[in-house]
Amino acid sequence: MLRFSRSILTTNILFQIYGLRPLSESASGKKMTSATAWSREVGKRYDVSGKTVRDIWQRLTWTEATFSEWTEQVPDHPHV
């Protein structure tokens with residue numbers, strides 16, 4: 001388990017958040033004005049900040065936990 005200021009982020013939750021990253025204009029099925037707006041919505045679901053969500057999506061934090069979910073569509077592990 002990984003602890004955030006308000007939440008406990010399990011590997012399962014991290015996979016879910018990472019899986020919700022925008023791959024196109026409407027990853028959620030609805031038009032979002034920006035990744036920032038979408039990250040705020042995702043953050044509300046998991047009781048974390050939009051910044052935390054964007055850091056997970058951008059592979060700035062929790063990279064070891066989400067590494068197995070990475071695909072060829074996105075760049076290689078940033079810490080390798």
Side-chain angles (χ1 to χ4, degrees):
M1 286 190 207
L2 304 167
R3 191 173 291 279
F4 185 69
S5 62
R6 296 178 291 164
S7 300
I8 295 176
L9 298 177
T10 64
T11 301
N12 186 40
I13 290 171
L14 290 167
F15 284 167
Q16 291 173 30
I17 292 171
Y18 189 76
L20 291 170
R21 71 198 180 285
L23 298 176
S24 64
E25 288 184 25
S26 60
S28 67
K30 59 184 174 180
K31 184 86 168 171
M32 294 302 296
T33 57
S34 70
T36 301
W38 179 232
S39 69
R40 280 192 295 254
E41 282 198 28
V42 172
K44 287 178 188 176
R45 291 185 194 180
Y46 296 97
D47 196 29
V48 296
S49 71
K51 172 71 168 122
T52 298
V53 171
R54 288 189 310 278
D55 285 350
I56 294 166
W57 289 346
Q58 295 168 359
R59 302 175 181 177
L60 299 176
T61 56
W62 297 293
T63 55
E64 296 304 318
T66 59
F67 183 71
S68 66
E69 296 296 302
W70 298 3
T71 66
E72 294 178 17
Q73 297 173 346
V74 287
D76 291 335
H77 192 295
H79 303 292
V80 174

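The basis for the numbers below is simple: all heavy atoms, side chains too, and nothing from hydrogens, waters or symmetry mates.
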Could you state the interatomic distance from [atom1] ([X]) to [atom2] ([Y]), rounded to the nearest 0.5 Å?
{"X": "K51", "Y": "T36", "atom1": "NZ", "atom2": "OG1", "value": "10.0 Å"}
{"X": "Y18", "Y": "T11", "atom1": "OH", "atom2": "OG1", "value": "15.0 Å"}
{"X": "I56", "Y": "R21", "atom1": "CD1", "atom2": "CZ", "value": "12.0 Å"}

>> Do T52 and T61 have side chains that approach each other closer than 4.5 Å (heavy atoms only, starting at C-beta)?
In response: no
> Taking R45 for the side chain and V42 for the main chain, is one N or O donor matched with an acceptor at less than 3.5 Å?
Replying inline: no
>> Determine whether I17 and W57 satisfy the following criterion, side-chain contact (heavy atoms from CB on, under 4.5 Å), listing intermediate values before the conclusion.
In response: CA-CA 8 Å; I17 292 171; W57 289 346; 4.0 Å; yes
